[in-house]
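Worksheet: the structure to be examined is printed underneath.
Quantities reported herein were computed from a predicted structural model and do not represent experimental measurements. Keep in mind that the numbers below use all heavy atoms, side chains included, and drop hydrogens, waters and symmetry copies. Numbering of ligands and ligand atoms starts at 1, following listing order.
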Amino acid sequence: MKVTQLLAENKETIISFEILPPTKGKSIESIYTHLNPLMEYNPAFINVTYHRAEQILKTRRDNSLEWVEIRKRPGTVGICAAIMNKYKVEAIPHLICGGFSKAETENALIDLDFLGIKNVLALRGDAAANEKFFTPHPQGHRYAEDLVRQIVALNNGQYMEEDIIDGAKTDFCIGVAGYPEKHMEAPNMDTDIYYLKRKIELGADYVTTQLFFNNTHYYNYIKRCNELGVTVPIIPGLKPLTNKKQLTTIPRIFNTEVPVEFCNEMMKAKTEEACEQVGTEWLLHQCRDLLKNKIPVLHFYTLGKPRVIYNVLKQLF
Ligand code: FAD
């Protein structure tokens with residue numbers, strides 16, 4: 001079922017998760033071990049991230065260096081199929097522009113359609129590890145809006161090969177990313193929302209947000225989006241912050257603020273367990289507030305921390 005239908009038809013709050021494919025060499029069992037306890041809370045859908053290949057410098061036996069391409073976390077499409085098969089839950093693959101030609105994207109979309117996948121999250125992706133700024137594939141897309149355009153074209157039966165007439169129409173529900181504290185490259189919030197609106201006008205159906213720790217940013221974002229004409233559902237992305245190191249890494253990576261009270265409590269915690277407890281309490285406090293404000297879906301970035309999410313859900317429902 002499409003995310004938009006799930007949102008429209010569910011009267012209760014929807015729970016959903018995002019997971020990462022395991023690092024290469026691990027089995028699919030690591031995904032099941034991660035998800036099994038969480039399935040008690042009947043997620044309506046599970047997102048699976050996509051990770052582009054990276055160029056890394058490898059030392060040869062003779063001590064000379066060579067650039068090699070590695071993909072540390074392959075398997076997004078296979079994991080989606082496995083999740084749908086095992087848990088009978090909608091799985092949403094992330095699709096990124098970075099590292100892909102348009103032809104490769106089209107073929108990936110055909111695979112997804114044949115697997116019965118009805119939802120995709122269309123993203124630009126970040127700069128590659130060895131790049132300062134995002135550089136598109138020479139035959140690929142520069143912005144997520146270009147990817148949205150390609151998915152919509154396929155939904156209309158338009159393939160890259162112009163001689164395909166009466167092409168089969170796919171029927172993807174398209175999600176896109178939004179940033180309650182602005183995307184780090186955007187000059188200001190309104191400009192960022194202007195480009196978000198373009199993605200919606202081109203055919204995206206809903207927005208999933210970047211993680212945030214201060215709900216006020218999320219509420220203000222919805223308000224400003226509405227004022228600027230973005231009226232599709234905006235799903236809040238929630239992640240537990242559970243150790244002191246993350247107080248500096250998370251704001252840098254995700255361009256998000258950690259509120260003073262949360263920071264102070266974390267700094268006071270003396271042990272790893274105490275830090276995790278502070279992070280759990282903060283997430284719980286965020287979720288209770290979102291529920292109080294009748295936000296119809298809570299989307300959790302589980303990122304290796306399923307126990308924290310489980311403990312939060314246990315106290316909420
Ligand atoms: P875009 O919408 O293309 O925006 C990128 C920047 O360009 C913004 O500053 C925007 O304001 C600006 N912009 C947009 N369109 C235009 C235009 N036409 N002209 C000029 N400026 C424009 N990354 C991964 O690699 N894999 C994942 O699985 C993944 N999952 C994610 C899930 C969520 C919910 C979120 C919020 C992010 C995820 N990301 C993932 C990270 C994401 O790819 C990065 O944040 C990336 O830097 C931007 O992606 P976007 O889709 O928002 O890009």
Side-chain angles (χ1 to χ4, degrees), residues 3 16-22 45-54 71-77 79-80 91-100 105 108 112 119-137 140-151 174-213 217-218 221 224-225 228 230 232-239 250-256 297-303:
V3 167
S16 60
F17 302 123
E18 178 189 286
I19 60 165
L20 274 70
F45 53 90
I46 298 173
N47 283 50
V48 185
T49 57
Y50 206 104
H51 299 262
R52 65 182 293 172
E54 293 170 36
R71 196 180 291 280
K72 285 188 190 154
R73 293 179 184 273
T76 301
V77 176
I79 293 169
C80 285
I92 307 184
H94 293 189
L95 281 180
I96 56 173
C97 306
F100 288 88
T105 298
L112 297 175
N119 301 281
V120 290
L121 191 69
L123 302 146
R124 186 194 72 178
D126 282 320
N130 59 327
E131 286 172 356
K132 203 154 184 203
F133 300 104
F134 175 83
T135 314
H137 183 287
H141 298 302
R142 175 168 288 278
Y143 294 109
E145 69 169 49
D146 305 316
L147 179 53
V148 170
R149 209 177 271 113
Q150 183 175 19
I151 302 168
I174 307 169
V176 289
Y179 301 83
E181 291 163 83
K182 167 184 110 47
H183 183 257
M184 61 184 79
E185 295 163 26
N188 58 62
M189 183 58 98
D190 282 10
T191 306
D192 206 20
I193 297 175
Y194 167 81
Y195 288 120
L196 176 70
K197 191 174 172 202
R198 278 170 60 134
K199 294 191 275 191
I200 308 300
E201 284 169 350
L202 284 164
D205 299 288
Y206 70 97
V207 178
T208 303
T209 75
Q210 185 56 280
L211 58 95
F212 55 89
F213 299 104
H217 292 308
Y218 172 69
Y221 184 62
R224 193 67 189 138
C225 281
L228 295 176
V230 175
V232 296
I234 300 181
I235 296 175
L238 299 160
K239 176 182 157 54
I250 286 186
R252 184 163 43 81
I253 300 170
F254 299 104
N255 197 42
T256 186
V297 50
L298 302 178
H299 182 64
F300 294 97
Y301 297 126
T302 66
L303 300 169

- Item | Heavy-atom pair of closest approach, residues Cys97 and Tyr143 |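 Closest pair (atom of Cys97, atom of Tyr143, distance): SG-O, 3.6 Å.
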- Measure the distances from the heavy atoms of Arg142 to every atom of ligand 1 and state whether one is below 4.0 angstrom.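 Checking ligand 1 against Arg142, which is what was asked, there is no heavy-atom contact under 4.0 Å.
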- Looking at ligand 1, does Tyr179 have a heavy atom less than 4.0 Å from it?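 A heavy atom of Tyr179 does come that close to ligand 1.
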Between [X] and ligand 1, which part of the residue brings a heavy atom under 4.0 Å of the ligand: side chain, backbone, both or neither?
X: His51; result: neither
X: Arg52; result: neither
X: Phe134; result: neither
X: Tyr195; result: side chain
X: Leu123; result: both

Would one find an N or O of [X], backbone or side chain, under 3.5 Å from an N or O of ligand 1?
X: Thr49; answer: no
X: Tyr50; answer: yes
X: Tyr301; answer: no
X: Lys199; answer: yes
X: Thr209; answer: no
X: His94; answer: yes
X: Ile96; answer: no
X: Gly178; answer: no

- Message: Quick one: does any side-chain atom of Asn119 pair with a main-chain N or O of Ile92 as donor and acceptor, under 3.5 Å?
- Response: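 Between the backbone of Ile92 and the side chain of Asn119 there is no qualifying donor-acceptor contact (under 3.5 Å).
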- Whether Lys199 side chain and Ala177 backbone form a donor-acceptor pair below 3.5 Å: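 Side chain of Lys199 to backbone of Ala177: a pair is present.
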Closer than 4.0 Å to some heavy atom of [X] - which atoms of ligand 1 meet that?
X: Ala177; answer: 35 (C), 36 (C), 52 (O)
X: Asp192; answer: 8 (C), 9 (O), 10 (C), 11 (O)
X: Ala186; answer: 9 (O), 11 (O)
X: Glu145; answer: 18 (N)

- Centroid-centroid under 6.0 Å between Tyr50 and Phe100 rings: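 Centroid distance Tyr50-Phe100: below 6.0 Å, so yes.
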Side-chain touch [X]/[Y], heavy atoms, less than 4.5 angstrom:
X: Ile235; Y: Phe45; answer: yes
X: Tyr179; Y: Asn255; answer: no
X: Leu228; Y: Val230; answer: no
X: Pro93; Y: Val48; answer: no
X: Ile234; Y: Thr209; answer: yes
X: Arg124; Y: Glu185; answer: yes

- Message: Students should be able to answer this: which protein heavy-atom is nearest to atom 23 (N) of ligand 1, and at what distance?
- Response: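 I find the closest protein heavy atom is Gly125 CA, 4.0 Å.
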- Message: Among all protein heavy atoms in this structure, tell me which lies nearest to atom 7 (O) of ligand 1, with the distance rounded to 0.1 Å.
- Response: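 The answer is Tyr143 CE2, 3.6 Å.
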- Would you say atom 47 (O) of ligand 1 touches the protein, meaning some protein heavy atom is under 4.0 Å from it?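 Yes, there is one.
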- Message: For Thr49, give me all partners under side-chain hydrogen bond (donor to acceptor under 3.5 Å, both in side chains), at least two apart in sequence or on another chain.
- Response: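 For Thr49, the residues satisfying side-chain hydrogen bond (donor to acceptor under 3.5 Å, both in side chains) (neighbours in sequence not counted) are His51.
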- Query: How about Asn47 and His94: does a side-chain donor come under 3.5 Å of a side-chain acceptor?
  - Reply: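 Asn47 vs His94: donor-acceptor pair found between side chains.
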- Count the heavy atoms belonging to other residues, nucleotides or ligands that lie under 6.0 Å from CZ of Arg71, then report whether that count exceeds 12.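 Check passes, neighbour count above 12.
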